[in-house]
Amino acid sequence: MSKNYRLITTDGRAKRGALETVHGTVQTPCFMNVATVGAIKGAVSTDDLHCIDTQVVLSNTYHLHVRTGDELIKRYGGLHKFMNWDGPILTDSGGFQVFSLATLRHIKEEGVTFRSHIDGHKIFMGPEESMQIQSNLGSTIAMAFDECPSSRADRDYVEKSVARTERWLVRCKTKMAELNSLPDTVNPHQMLFGINQGAVFEDIRIKNADAISKLDLDGYAVGGLAVGETHEEMYHILDETVPHLPQEKPTYLMGVGTPENILEGVRRGIDFFDCVYPSRNGRHGHAYTHHGKMNLLNARYELDHRPIEEGCNCPACRSYSRAYIHHLLKAKEMLGMRLLVLHNLNFYNHMMTEIRSAIEAHDYDAFADEFIAKMKAGEDI
RNA sequence: GGGUGGUUUCCCGAGUGGCCAAAGGGGACAGACUGUAAAUCUGCUGCAUCUUGCUUCGAUGGUUCGAAUCCAUCACCACCCA
């Protein structure tokens with residue numbers, strides 16, 4: 001397995017690292033931009049992604065499997081070629097869909113039977129199937145196939161689920177090694193990240209973290225957070241769990257989150273994040289700024305000549321006013337959504353740049369506290 | 001000039017004697033969304049001293065215990081015949 005992660009410096013528990021991949025080096029902490037079906041929703045192109053300094057794109061195994069099909073993408077030459085993105089791509093395993101498509105599935109030891117949300121046909125996905133699909137896609141980093149239990153699941157269920165996810169992880173590792181050694185593999189250097197689970201039960205989390213750490217994977221994710229528990233519970237679980245994951249490997253907090261969640265995650269030793277918020281909220285009219293979040297659909301912006309945020313270098317702020325974007329959103333013109341998605345992703349990507357500088361300067365705690373306070377104050381917007 | 005149909009709360013539009021402050025859309029206003037079944041979903045939209053009271057359904061007058069709903073007159077709109 002790879003020795004590709006380099007820890008550049010630390011500040012408290014915060015890590016400043018670099019992950020070498022066949023598709024380039026990722027500077028961490030890093031926010032991955034979510035492109036579930038091979039595109040960032042909101043008509044964002046890969047050219048756009050270069051303009052807003054995106055490092056890593058995240059795509060989804062289940063969604064690409066049911067449409068358009070991973071075998072077809074493999075025949076095309078892999079996902080990188082297909083979507084014309086030569087930077088790193090992380091593929092989620094479909095594990096989250098085990099959780100979010102709960103009404104359409106049935107879980108067993110071998111894997112999960114889904115009903116396709118597209119046409120209702122039956123699909124079976126287990127660790128081997130998920131690894132096969134991710135290998136066909138040829139992503140840079142594959143995620144282990146896991147179950148993400150609900151934050152309301154009882155202790156007994158979570159214990160059994162985590163034990164099964166642990167057994168699935170061993171099967172993922174075996175299958176990936178096999179796939180990477182095949183002659184026609186799209187990306188023979190595909191990496192594998194394992195996933196820690198355990199809902200809000202810290203002892204289950206710690207036991208699981210210790211166990212999966214021994215598997216010497218390329219990286220380790222904390223999954224199953226931000227699914228209904230409080231922020232305090234989430235931060236507490238990170239406090240207790242992250243120290244039990246290998247520090248010399250990249251860590252990834254899956255599906256998180258708000259700018260504040262990310263700042264707190266970095267403080268607790270997380271390298272990678274991803275979240276639908278900047279793109280989805282952009283489509284829904286929300287813009288992130290250093291002074292808080294604003295809803296551009298609100299009438300108060302109808303004659304506001306200012307850009308979303310003064311000094312922002314994104315395509316929206318460089319050329320357009322709040323008033324014009326408000327109008328575009330009201331008129332349901334796609335450009336309105338597109339500009340907000342670009343602004344928000346640019347905001348997140350650049351927040352990560354600021355975070356890396358603060359860790360390098362060994363001033364992270366003060367930086368994070370001030371960043372969060374400023375966003376909460378919501379002044380001048 | 002004659003005939004017929006119509007005028008409902010921001011707009012369209014249902015309602016033909018009490019359960020109507022008035023269905024349903026749209027718009028407006030606000031909120032939610034955390035490994036995206038999400039350009040989606042939710043709330044709200046006469047006034048007030050808001051678990052109750054008041055004023056609304058073109059205008060005025062009438063019938064009735066009770067009218068957006070029935071009658072009369074007037075105003076305006078649409079179409080048809082001259």
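Within every chain, numbering begins at 1; the chains are lettered A, B, ... in the order of the sequence lines, protein sequences first and strands thereafter. Everything quoted here is computed from the prediction, not taken from an experiment.
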K.L.:
Given A37(B), U34(B), A39(B), which nucleotide is nearest the side-chain atoms of Met334(A)?
P.N.:
A39(B)

K.L.:
For atom CZ of Arg167(A), decide whether the heavy atoms of other residues, nucleotides or ligands shown that lie under 6.0 angstrom number more than 12.
P.N.:
yes

K.L.:
Separation of Asn344(A) atom CG from U34(B) atom P, in whole Å?
P.N.:
16 Å

K.L.:
Identify whether any heavy atom of Leu58(A) sits under 4.0 Å from a base atom; if not, whether one sits that close to sugar-phosphate; answer base, sugar-phosphate or nothing.
P.N.:
sugar-phosphate

K.L.:
To the nearest Å, give me how far apart CD (Glu232(A)) and C1' (U34(B)) are.
P.N.:
15 Å

K.L.:
Which nucleotide, in any strand shown, forms a Watson-Crick or G-U wobble pair with C57(B), with both distances under 3.5 Å?
P.N.:
none

K.L.:
State whether the aromatic ring of His63(A) stacks on the base of U36(B), taking stacking to mean ring centres under 5.5 Å apart and ring planes under 30° to each other.
P.N.:
no

K.L.:
Does the G35(B) base have a donor-acceptor partner in the side chain of Glu147(A) within less than 3.5 Å?
P.N.:
no

K.L.:
Taking any strand in view, what nucleotide pairs with U49(B) in a Watson-Crick or G-U wobble way, both distances under 3.5 Å?
P.N.:
none

K.L.:
If the C1' atom of A67(B) is compared with that of C19(B), how far apart are they to the nearest Å?
P.N.:
16 Å

K.L.:
With sugar-phosphate meaning primed atoms plus P, OP1 and OP2, does Asn60(A) contact a base, only sugar-phosphate, or nothing at under 4.0 Å between heavy atoms?
P.N.:
sugar-phosphate

K.L.:
Please figure out whether Met337(A) or Asn261(A) has its closest RNA chain B nucleotide nearer the 5' end.
P.N.:
Asn261(A)

K.L.:
Quote, to the nearest angstrom, the P distance that separates G13(B) from U7(B).
P.N.:
9 Å

K.L.:
For C57(B) and U69(B), measure between their C1' atoms and round to the nearest Å.
P.N.:
10 Å

K.L.:
Taking only the C1' atom of each, what is the distance from A68(B) to U56(B) in whole angstrom?
P.N.:
9 Å

K.L.:
Starting at CZ of Arg300(A) and ending at P of A30(B), how long is that distance when rounded to a whole Å?
P.N.:
9 Å

K.L.:
Using Watson-Crick or G-U wobble geometry with both distances under 3.5 Å, which nucleotide pairs with U7(B)?
P.N.:
A75(B)

K.L.:
Assign Asp274(A) to base, sugar-phosphate, or nothing according to its heavy-atom contacts below 4.0 angstrom with the strands shown.
P.N.:
sugar-phosphate

K.L.:
Within less than 4.0 Å of OP1 or OP2 of G31(B), is there a side-chain N or O belonging to Asn295(A)?
P.N.:
yes

K.L.:
Rounding to the closest angstrom, what is the interatomic distance between U52(B) and A21(B) at atom C1'?
P.N.:
14 Å

K.L.:
Taking the P atom of each, how far is C76(B) from C54(B), in whole Å?
P.N.:
36 Å

K.L.:
Could you check, using the six-membered ring where one of them is a Trp, whether Tyr288(A) and Tyr348(A) have ring centers closer than 6.0 angstrom?
P.N.:
yes

K.L.:
Quote, to the nearest angstrom, the C1' distance that separates G17(B) from C70(B).
P.N.:
8 Å

K.L.:
His286(A) side chain: which of G35(B), A32(B), U36(B) is closest?
P.N.:
A32(B)

K.L.:
Give a yes/no answer on whether the side chain of Ser100(A) brings an N or O atom under 4.0 Å of OP1 or OP2 in A37(B).
P.N.:
yes

K.L.:
For RNA chain B, whose closest nucleotide is more 5', that of Asn298(A) or that of Lys41(A)?
P.N.:
Asn298(A)

K.L.:
Can you measure Leu297(A) atom CG to U42(B) atom C1' for me and round it to whole angstrom units?
P.N.:
15 Å

K.L.:
Ignoring hydrogens and angles, does a donor from either the side chain of His231(A) or the base of U34(B) sit under 3.5 Å from an acceptor on the other?
P.N.:
yes

K.L.:
To the nearest angstrom, how far is Arg283(A) atom CZ from A39(B) atom P?
P.N.:
5 Å

K.L.:
Taking only side-chain N and O atoms of Gln97(A), does any of them lie within less than 4.0 angstrom of OP1 or OP2 on G35(B)?
P.N.:
no

K.L.:
How long is the line joining OH of Tyr301(A) and P of C29(B), in whole Å?
P.N.:
13 Å

K.L.:
Would you please classify the geometry between the Tyr62(A) ring and the His117(A) ring as parallel, tilted or perpendicular, with 30° and 60° separating the classes?
P.N.:
tilted

K.L.:
If only atom types and distance count, is the side chain of Thr54(A) paired as donor or acceptor with the main-chain N or O of Val56(A) below 3.5 Å?
P.N.:
no

K.L.:
Would you mind pulling out the nucleotide paired to A14(B), Watson-Crick or G-U wobble, both distances under 3.5 Å?
P.N.:
none

K.L.:
Does the ring centre of Phe31(A) sit less than 6.0 Å away from the ring centre of Phe273(A)?
P.N.:
no

K.L.:
Please work out if Leu90(A) contacts a base, only the sugar-phosphate, or nothing of the nucleic acid, heavy-atom cut-off 4.0 Å.
P.N.:
nothing

K.L.:
Quick check: His290(A) with Phe347(A) (ring centres under 6.0 Å apart)?
P.N.:
yes

K.L.:
Quick one: label Gly224(A) by what it contacts on the DNA or RNA (base, sugar-phosphate, nothing), any heavy atom closer than 4.0 Å.
P.N.:
base

K.L.:
Could you tell me which nucleotide pairs with C41(B) by Watson-Crick or G-U wobble geometry, both distances under 3.5 Å, or answer none if nothing does?
P.N.:
G31(B)

K.L.:
Could you identify the nucleotide paired to G1(B), looking across every strand shown and requiring Watson-Crick or G-U wobble geometry with both distances under 3.5 Å?
P.N.:
C81(B)

K.L.:
Counting only side-chain heavy atoms from C-beta out, which of U36(B), G35(B), C33(B) sits nearest to Tyr252(A)?
P.N.:
G35(B)

K.L.:
Using the C1' atom on both, measure A30(B) against G24(B) and round to a whole Å.
P.N.:
22 Å

K.L.:
Check the distance between A28(B)'s P and Lys330(A)'s NZ and give it to me in whole angstrom.
P.N.:
5 Å

K.L.:
Should A23(B) form a Watson-Crick or G-U wobble pair with both distances under 3.5 Å, which nucleotide is its partner?
P.N.:
none

K.L.:
Angle class for the Phe193(A)/Phe272(A) ring planes (parallel below 30°, perpendicular above 60°, tilted otherwise)?
P.N.:
perpendicular

K.L.:
Classify the nucleic acid contact of Glu302(A) as base, sugar-phosphate or nothing, counting any heavy atom under 4.0 Å across all strands shown.
P.N.:
nothing

K.L.:
Rounded to whole Å, how long is the line connecting atom CZ of Phe31(A) with atom C1' of G35(B)?
P.N.:
11 Å

K.L.:
For a salt bridge (charged side-chain N to carboxylate O under 4.0 Å, His left out) check, start with the C-alpha distance between Arg155(A) and Glu159(A), then their side-chain angles and the critical distance, and finish with the verdict.
P.N.:
CA-CA 6 Å; Arg155(A) 186 184 169 88; Glu159(A) 223 160 10; 3.8 Å; yes

